2 protein chains.
Amino acid sequence: MNSEPSWDLYRTFLAVLREQSLSGAARSLGLTQPTVSRHIDALESLVGYDLFIRSQRGLSPTEAAEDLRPYAETLAATTAALVRAASSHGKEVRGPVRLSVSEVVGVEIVPAILADLRARHPDLVIELVLSDAVDDLIRRDADIAVRMVEPTQEALLARRVGTIELGLHAHRSYIERRGVPASLADFRGHDLIGFDRETPAIRAMLKQMRFITRDHFALRADSNLAQFAAIKAGFGIGVCQVQLARREPDLVRVLPEEVSLGLPTYVVMHEDLKSSPRCRVVFDALAAGLAAHIRAV
Amino acid sequence: MNSEPSWDLYRTFLAVLREQSLSGAARSLGLTQPTVSRHIDALESLVGYDLFIRSQRGLSPTEAAEDLRPYAETLAATTAALVRAASSHGKEVRGPVRLSVSEVVGVEIVPAILADLRARHPDLVIELVLSDAVDDLIRRDADIAVRMVEPTQEALLARRVGTIELGLHAHRSYIERRGVPASLADFRGHDLIGFDRETPAIRAMLKQMRFITRDHFALRADSNLAQFAAIKAGFGIGVCQVQLARREPDLVRVLPEEVSLGLPTYVVMHEDLKSSPRCRVVFDALAAGLAAHIRAV
DNA sequence: CAGAGTTCATGCATTTTAGTATAGCGACCG
DNA sequence: CGGTCGCTATACTAAAATGCATGAACTCTG
């Protein structure tokens, strides 16, 4: 137990965890393999036990190393956030802003908003992360996020932009081929598009459709984007955002009375960043753009 | 914009922020002043602007440096957590566990629980932090926390241990001198002990005592511990935990019907740590100890 | 089964980084 | 007002970390 080790050891440690080899880690860090090797040696002699099992085709992490991984990941995310914050100090709107949104929102909604924003601020750089993880902001994986649950952390600044509505939809070609189900019970004879693994959000949805379980699905996909694409391709009936479906002339809503779920939608940002002009601008643009999207008929 | 800088620069940066001088930072880090100076120089040339204003009596951080501070603090907390996690790997219950509890809980309740625990596990080391900050766990400032609000982060493992009840109390000597107030309106003629700055928790309490405002207090202290001590010293009437007051033979409860507030109490831990025996043991001991304390007559 | 392409480990030279010593400047105190 | 003490900045030296070159072991492929 010497004095605290160099923080660089943790960076190397994480790289080795990710690359599963000293050589790979060295490449990704811009170092050489012996250096990486020495870093890991130092870390291991520091903690007093082995972190990796060496072999000729790489290093495989021990259980202990995996336990330490989340800390190292947090460190990496935080240094990245620090660099982002540092690289864009000042009153101008410039530098990187890291954005975390869901797949569907990131592909179908925000690009237009960002394009418009970028036109107004040519020095703005957007890093777009497609993720639903709620703690992205706390862990500094992102500066700004769009989330469908109300944020409860005090350190977060949230603005509600309306309610995204989910509903059942199908392509016109499918409806012409198979007809419209008259009721939920009528689903038995239809091709349903649904989830693969169950998540809390999905459980809420299922409460409305008690007859439906995972077994009824003819296509199972966890990606909402893939589900949406399947609906548009006429594969069958599935859930998607009502506001998005309206933009597609050939999508029709199915059983709007029986199945509807509103997702309160928020733009969320760390409170620390509210004094940052570039984050402020992106935050406001997102809030305005999403609100307009949600209100659109 | 070179390749990523050494993470050690961030550590030095934080030390300089804290010590407000290169020499002080060097002392706290076990480095020398020129080294620290070079680190700061490197960081400044990297971000492209000044982080500190040099003077003969130290360095004062610029606004930009203060903006970066929270990131550096997170880094420090995370490395510390990593070291803690690393230093206690294995099946035995040993090594440090960092505990974050409120002042009152930390002084009046937990010590007994910890003493008992330590007797059973002599290799356990407890780091006790007296804090109410809700994000201590996410930021890895602590491994385990006792909180009076329900945690909402998914990554947290929480166990409810009961409800801590708050009520008005006074020392017998005070009551003998001044009598018991007959109603809330009767408080005017009494010496009240209360808060200095208003917090969300206090606002909830105040709803029950609409007649009372900050101006009525004869003693204002933000420290609940100081308030409790003042009550015990016979200074006047104040709010404290009912379960704690019961242990003091000379404390009597005032207006139990009119003023009562239940705080749902949780022991909270990061989900990552549930596989760590030492954390598990502390978590369970806290849960059991607090539950027993709350149930005690 | 041999050769190409990986991997990690090790010895040595070099570069980088840290430490030592010192000078200069300002504040504080008697 | 002079002496002391603290701070930072700079030149020089020592140490430490890195890179290079190489060797040995293993995998994959033709």
Side-chain angles (χ1 to χ4, degrees), chain A residues 1-62 64-66 68 72 75-76 79, chain B residues 1-62 64-66 72 75-76 79 83:
Chain A
M1 280 294 163
N2 219 338
S3 79
E4 208 194 351
S6 163
W7 286 7
D8 285 336
L9 296 190
Y10 305 133
R11 171 166 60 180
T12 304
F13 169 68
L14 179 60
V16 174
L17 269 177
R18 285 177 171 165
E19 304 289 332
Q20 305 257 327
S21 92
L22 298 181
S23 316
R27 279 190 296 272
S28 85
L29 292 171
L31 300 174
T32 56
Q33 171 263 320
T35 299
V36 173
S37 175
R38 284 186 280 255
H39 281 185
I40 298 300
D41 287 347
L43 206 54
E44 284 182 332
S45 76
L46 210 88
V47 302
Y49 47 83
D50 285 358
L51 292 169
F52 297 93
I53 299 165
R54 274 92 165 156
S55 80
Q56 272 73 12
R57 65 178 177 291
L59 275 71
S60 77
T62 63
E66 286 295 353
L68 299 181
L75 289 177
T79 55
Chain B
M1 282 296 159
N2 218 342
S3 78
E4 209 192 350
S6 162
W7 286 6
D8 285 336
L9 297 189
Y10 306 133
R11 170 167 60 179
T12 304
F13 170 67
L14 179 61
V16 174
L17 270 177
R18 287 178 171 165
E19 304 289 332
Q20 304 257 325
S21 91
L22 298 181
S23 315
R27 277 190 297 273
S28 85
L29 291 170
L31 300 175
T32 57
Q33 171 262 322
T35 300
V36 173
S37 175
R38 284 186 285 255
H39 280 185
I40 298 300
D41 287 346
L43 207 54
E44 286 183 331
S45 76
L46 211 87
V47 302
Y49 47 83
D50 285 357
L51 291 170
F52 297 93
I53 300 165
R54 273 93 167 154
S55 79
Q56 274 74 9
R57 67 179 173 291
L59 276 70
S60 76
T62 64
E66 284 296 353
L75 289 176
T79 56
V83 169

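Naming: A, B, ... by sequence-line order, numbering from 1 per chain. Keep in mind the model is a prediction, meaning the values are calculated, not measured.
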Practice prompt. Quick one: label B:Ser21 by what it contacts on the DNA or RNA (base, sugar-phosphate, nothing), any heavy atom closer than 4.0 Å.
Written response: sugar-phosphate

Worksheet item: When you list every nucleotide of DNA chain C with an atom under 4.0 Å from a heavy atom of chain A, which one comes first 5' to 3', and which comes last?
Response: C:dT7 to C:dT10

Expressed as a whole number of angstroms, how long is the span from [X]:[atom1] to [N]:[atom2]?
X: A:Asp8; N: D:dA16; atom1: CG; atom2: C1'; result: 14 Å
X: A:Arg11; N: D:dT18; atom1: CZ; atom2: C1'; result: 13 Å
X: A:Leu9; N: D:dA16; atom1: CG; atom2: P; result: 15 Å
X: A:Asp41; N: D:dA16; atom1: CG; atom2: P; result: 17 Å
X: B:His39; N: D:dA9; atom1: NE2; atom2: C1'; result: 16 Å

Fill in: A:Arg11/A:Asp8 salt bridge by N-O under 4.0 Å criterion
yes

Worksheet item: Taking 4.0 angstrom as the limit, do B:Glu44 and B:Arg38 come out as a salt bridge?
Response: no

Minimum heavy-atom distance [X]-[Y], with the two atoms named:
X: B:Ala72; Y: B:Leu14; value: O-CD2, 3.6 Å
X: B:Ser23; Y: B:Gln33; value: OG-CG, 4.0 Å
X: A:Ser28; Y: A:Ala15; value: OG-CB, 4.0 Å

Practice prompt. Given side-chain contact (heavy atoms from CB on, under 4.5 Å), test B:Trp7 with B:Thr79 step by step and report yes or no.
Written response: CA-CA 11 Å; B:Trp7 286 6; B:Thr79 56; over 6 Å; no

Discussion item. Please determine whether side-chain contact (heavy atoms from CB on, under 4.5 Å) holds for the pair B:Phe13 and B:Leu9, giving the CA-CA distance in whole Å, both sets of side-chain angles, and the decisive distance to 0.1 Å.
Written reply: CA-CA 6 Å; B:Phe13 170 67; B:Leu9 297 189; over 6 Å; no

Worksheet, complete the sentence: So, with a heavy-atom separation below 4.0 Å from DNA chain C, the residues of residues 30-38 of chain A are A:Gln33, A:Pro34, A:Ser37

Worksheet item: Is the side chain of A:Thr62 donor-acceptor paired with the backbone N or O of A:Leu51 at a distance under 3.5 Å, no angle test?
Response: yes

Fill in: B:Arg27 vs D:dC7: side-chain N/O to OP1/OP2 distance below 4.0 Å
yes

